[in-house]
Each structure stands twice: as structure tokens, then as C-alpha cells.
Amino acid sequence: MSEIKAAITGIEGYTPDYVLSNHEIATMVDTSDEWITTRTGIKERRILKGEGKGTSDMGTEAVKRLLKKTNTSVDEIDLLICATVTPDMQFPATANVICDKVGIVGAMSFDLAAACSGFIYSLETARQFIESGKYKKVIVVGGDKMSSIINYEDRATCVIFGDGAGAIMLEPNSEGLGIQDSILKSDGAGRHHLHQKAGGSVKPASHATVDAKEHYVYQEGQQVFKFAVTNMADVSYEIMDRNNLTAEDIAYLVPHQANKRIIDATANRMGVGSDKVMVNIERYGNTTNGTIPLCLWEWEDKLKKGDNIILAAFGGGFTWGSIYLKWAYNS
Ligand code: ACO
């Protein structure tokens with residue numbers, strides 16, 4: 001019997017309509033289009049507007065489109081994982097909410113929190129259920145409404161983040177296509193440099209925490225940059241090396257979109273030219289769990305069956321990692 005691998009068989013995405021440009025941000029905080037573009041590569045980001053709208057609304061739209069595109073009925077879904085740091089509520093899981101809004105009843109569904117590495121952590125988790133033979137159709141959603149935890153008076157963070165979500169279908173493949181290898185790591189000591197101070201069990205929400213603006217992203221940018229640039233590049237090189245892949249063998253690098261300079265450093269370390277790197281940070285900024293699926297979604301029609309693809313991410317935790325996969329279909 002041939003070995004079963006877990007392969008992506010469909011992808012969809014959703015980005016909100018509202019475009020928050022660098023020029024508009026420059027009317028809100030002391031910054032400029034020139035500073036943001038040179039330091040991050042970002043020109044604009046999308047913002048989910050509307051009372052009562054959350055991450056599940058973007059995830060739901062992506063999943064509805066995915067089910068339609070892959071001609072899959074809601075009854076066929078065995079598991080749905082939602083990677084997010086901006087769940088609709090502390091509990092229940094946003095994955096449960098998405099299932100309900102889409103009409104998936106009775107499937108296993110849960111959220112996975114690994115900050116910007118959440119999508120690749122979730123992909124690796126989903127892979128285990130497919131390779132074991134337990135499940136046949138798994139959906140992984142990666143999405144965040146970062147605007148819900150960003151302080152638009154803090155120029156060091158508000159220029160970076162945006163809202164968006166993507167969703168992939170994962171199924172068994174017996175042709176040797178799909179996920180080939182993964183390296184996933186964490187170092188909890190990094191939590192001091194990137195976190196949300198209040199709203200958890202250590203510091204529940206109170207008037208004082210709201211007044212102190214502790215429900216927003218706290219980031220020591222330079223520290224995070226230093227760890228991100230080294231670890232994302234190293235892990236991407238390591239996965240290439242141990243699979244005997246040269247830069248020529250790689251069709252695309254799909255890096256987490258946190259900062260164009262981190263993306264360039266990763267591509268340089270791998271020896272991969274810019275024509276092989278998926279970059280859409282200029283239009284969406286850092287959508288946290290949304291970045292990798294949104295890239296794959298936008299590049300889907302360029303991908304060919306058998307293409308070697310490297311996914312790479314770094315995020316809060318710290319968490320980081322890389323996944324090597326062979327693309328499984330022509331669109
Ligand atoms: N506009 C103008 N000036 C600014 C801005 C801004 N938006 N932000 C900061 N500055 C100023 C600072 O005040 C500082 O001024 P000073 O020299 O007078 O003190 C100067 O610019 C340099 O500030 P740095 O913080 O050193 O800027 P840096 O070049 O490091 O860029 C950035 C900041 C973009 C945040 C960068 O550090 C970065 O990308 N860090 C990594 C982010 C990341 O990868 N996060 C992980 C994923 S996110 C997640 O997991 C949720």
C-alpha cells in the first residue's frame with residue numbers, strides 16, 4: 001500500500017473591503033508613507049468594519065467559498081481548525097462559530113494559538129489526522145482581525161497589522177504529493193517581547209487595564225525583528241538542507257508577511273530569487289494567521305502539480321517553523 005500524505009486540495013481567502021492606506025495612517029499618528037514603506041514594505045492594509053463583525057465572519061466567508069470551489073458538502077468535513085490570536089470571544093472556539101455559520105454540525109473543531117506561526121502549526125496538526133487515516137477532509141482556517149487589538153495611537157504597531165483570512169482543504173494523497181516535512185519550534189522566553197498584557201487569567205479585564213491600554217498588542221519591535229530574521233531564515237535553510245533541495249528545486253517560498261526586510265533575509269539565506277517569493281505585504285500588511293493562506297490563494301493559478309513549496313513563519317511565543325510540501329493540483 002502506498003504511503004498516505006496530506007495534501008492541500010483547495011484554497012480560498014477573504015479580505016475586507018476597507019483599505020487603510022499609509023497616507024490615512026499618517027493623519028492618525030506621527031508617521032509617513034516613506035517611513036512605513038522603507039522599514040516594512042507595507043503600503044496599505046484591510047480593515048474589517050461593522051458592528052459585531054469578528055474573525056469568524058472572515059473565516060466563514062473563506063470556508064463558504066472553499067466548499068463551493070472544491071464541491072464539498074458540509075457533511076463531509078471531519079475537522080476544522082482555526083488558527084487565530086483574535087478569536088471572536090475567549091470561548092467558545094472561533095472554529096465552532098465558523099462551523100455553525102457555515103452549517104458544519106458534528107465535526108471536531110478547535111482553535112490553535114501560535115501567533116503568526118499558527119497557520120503552519122495548524123497545518124502540521126491537521127496533517128497528523130490525515131496521515132493516520134483517521135480523517136479524510138480537514139479545513140484549516142488562518143485569520144485575524146488584528147484591528148481589534150491594535151492601538152491606533154501607537155505608531156510602532158498600528159502601521160504593521162491588517163485584517164484577513166484564508167482557508168485550505170487538506171485531504172489524503174497517495175501519489176506522494178502534499179506535506180513532505182516540517183520543522184516547528186518555540187521559545188516561551190520570547191513572550192516578554194511580544195504579547196497582549198491584559199484580558200487573560202493573569203490580568204483579567206478591568207477599568208484599570210482598559211485605561212492603561214493593556215488590551216492591545218505590545219511589541220518590542222527591534223528585539224522581535226532580531227529573533228525573526230535569524231530564526232525564520234535558519235529554519236527555512238534547515239528544511240531545504242535536510243531534504244537535499246537546492247534553490248533551483250524550489251518553485252516558491254511562502255513567507256509569513258511581517259516585514260519585507262525579514263522576507264528578503266529569508267530568501268537570501270535560501271538563495272532563492274525574488275521571482276520565487278510570494279509577497280503581498282504591500283497590500284495587506286501583517287494579517288498574522290492570514291498571511292500564508294492569503295499568499296497561496298493569490299498565487300494559486302501559478303502553482304503546478306509537483307511544485308516544491310516552502311512555507312515559513314515566525315511569531316509571538318516565540319514560535320517559528322517551516323513546512324516543505326509538494327503542490328498537489330493544477331488549477
Ligand atoms: N513612523 C515613524 N517613525 C517610527 C515609526 C513609525 N510608524 N515606528 C517607530 N518609529 C521610530 C522610532 O520611534 C525610532 O525613533 P528613534 O530612533 O528616534 O527612537 C525609529 O523609528 C526606529 O524605531 P525601531 O523600532 O528601531 O524601527 P525598526 O526599524 O525596528 O522597525 C518594526 C520597527 C517595523 C516594528 C520592526 O522592528 C519589525 O518589523 N519587527 C518585527 C515584527 C515581527 O516580525 N513580528 C512578529 C510577528 S507579529 C505576531 O506574531 C503577532
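Side chains included, hydrogens not; waters and symmetry mates left out as well; all remaining heavy atoms used. Read the numbers this way: they start at 1 and go in the same order the structure lists the ligands and their atoms.
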inquiry  = Does only the side chain of Val29 get under 4.0 Å from ligand 1, or the backbone, or both, or neither? Count heavy atoms.
reply    = neither

query = Is there a donor-acceptor contact under 3.5 Å from the side chain of Glu12 to the main chain of Leu66?
reply = no

ask   = Pick from Lys305, Lys5, Lys326: which one makes a salt bridge (Lys or Arg N to Asp or Glu O under 4.0 Å) with Glu175?
value = Lys305

request  = Taking Glu44 for its side chain and His23 for its backbone only, find out whether a donor-acceptor pair lies under 3.5 Å.
outcome  = no

message = Considering non-hydrogen atoms of the protein only, which is the closest contact for atom 28 (P) of ligand 1, and what is the distance?
response = Arg261 NH2, 3.9 Å

task = Using a strict 4.0 Å cut-off to heavy atoms of Val159, name the atoms of ligand 1 that fall inside it.
result = 7 (N)

request  = State the atoms of ligand 1, each with its element, that fall below the 4.0 Å cut-off from a heavy-atom position in Gly316.
outcome  = 49 (C), 50 (O)

query = Nearest protein heavy-atom contact for atom 47 (C) of ligand 1: which residue, which atom, what distance?
reply = Cys116 SG, 3.3 Å

query = Are Leu303 and Leu253 co-members of a hydrophobic cluster defined by side-chain heavy atoms under 4.5 Å apart?
reply = no

inquiry  = I need the nearest protein heavy-atom contact for atom 46 (C) of ligand 1: residue, atom name and distance, please.
reply    = Val224 CG1, 3.6 Å

key: Top protein contact for atom 45 (N) of ligand 1, by heavy-atom distance   = Gln219 OE1, 3.1 Å

query = How far is atom 12 (C) of ligand 1 from its nearest protein heavy atom, and which residue and atom is that?
reply = Arg155 NH2, 3.8 Å

ask   = When you look at CG of Asp17, are more than 12 heavy atoms from neighbouring residues, nucleotides or ligands closer to it than 6.0 Å?
value = no

remark   = Ala115 heavy atoms within 4.0 Å reach ligand 1 at atoms 50 (O)

query = Does NZ belonging to Lys185 count more than 12 external heavy atoms closer than 6.0 Å?
reply = no

request  = Pick one of side chain, backbone, both or neither for how Asn259 approaches ligand 1, counting any non-hydrogen atom pair under 4.0 Å.
outcome  = side chain

task = Determine whether the side chain, the backbone, both or neither of Leu194 has a heavy atom under 4.0 Å from any heavy atom of ligand 1.
result = side chain

inquiry  = So if I count the atoms of ligand 1 from 1 in the order they appear, which ones are less than 4.0 Å from some heavy atom of Gly315?
reply    = 50 (O)

request  = Write out the residue and atom name of the closest protein heavy atom to atom 40 (N) of ligand 1, then the distance separating them to 0.1 Å.
outcome  = Gly221 O, 3.1 Å

inquiry  = Out of all atoms in ligand 1, which are within 4.0 Å of some heavy atom of Thr31? Include the element for each.
reply    = 1 (N), 2 (C), 6 (C), 7 (N)

task = Compute the centroid of each ring, for Trp327 and then for Tyr329, and state whether the two points are separated by less than 6.0 Å.
result = yes

task = Around atom 29 (O) of ligand 1, find the nearest protein heavy atom and jot down its residue, atom name and distance.
result = Arg39 NH2, 2.7 Å

request  = Without swapping roles, check the side chain of Lys145 against the backbone of Ile47 for a donor-acceptor pair under 3.5 Å.
outcome  = no

query = Hey, are the side chains of Thr125 and Phe110 touching, using non-hydrogen atoms and a 4.5 Å cut-off?
reply = yes

request  = May I ask you to decide if Pro172's main-chain N or O and Glu131's side chain share a donor-acceptor pair within less than 3.5 Å?
outcome  = no

Close-contact set for ligand 1 against Ile160 heavy atoms, below 4.0 Å = 35 (C)

Heavy-atom protein neighbour under 4.0 angstrom from atom 17 (O) of ligand 1 = no

query = Within a distance of under 4.0 Å, is there any protein heavy atom near atom 34 (C) of ligand 1?
reply = yes

ask   = Do you see a protein non-hydrogen atom under 4.0 Å from atom 43 (C) of ligand 1?
value = yes

inquiry  = Any nitrogen or oxygen of Phe161 lying under 3.5 Å from a nitrogen or oxygen in ligand 1? Just yes or no.
reply    = no

ask   = Which is closest to atom 22 (C) of ligand 1 by heavy-atom distance: Phe225, Trp35, Phe314?
value = Trp35

task = May I ask whether Ile36 places a heavy atom under 4.0 Å from ligand 1?
result = no

task = Run the numbers for me: atoms of ligand 1, each under 4.0 Å from some heavy atom of Thr40, listed by number.
result = 34 (C)

Interfacing atoms of ligand 1 (cut-off 4.0 Å, heavy-atom, Asn286) = 47 (C), 48 (S)

note = Residue, atom and distance of the protein heavy atom nearest atom 24 (P) of ligand 1 read Gln222 NE2, 3.8 Å

remark   = Going by the 4.0 angstrom heavy-atom rule, the piece of Val217 near ligand 1 is neither

query = Looking at Lys134 and Asp78, does any basic side-chain N land under 4.0 Å from a carboxylate oxygen?
reply = no

query = With a 4.5 Å limit on heavy-atom distance, are the side chains of Phe227 and Met232 in contact?
reply = no

Enclosure of Lys69 NZ (heavy-atom neighbours >12, cutoff 6.0 Å) = yes

inquiry  = What I'd like to find out is whether the side chain of Pro16 reaches to under 4.5 Å of the side chain of Met58, using heavy atoms alone.
reply    = yes

key: side chain to side chain donor-acceptor pair (under 3.5 Å) assessment of His215 paired with Thr209   = CA-CA 7 Å; His215 296 271; Thr209 63; 2.7 Å; yes

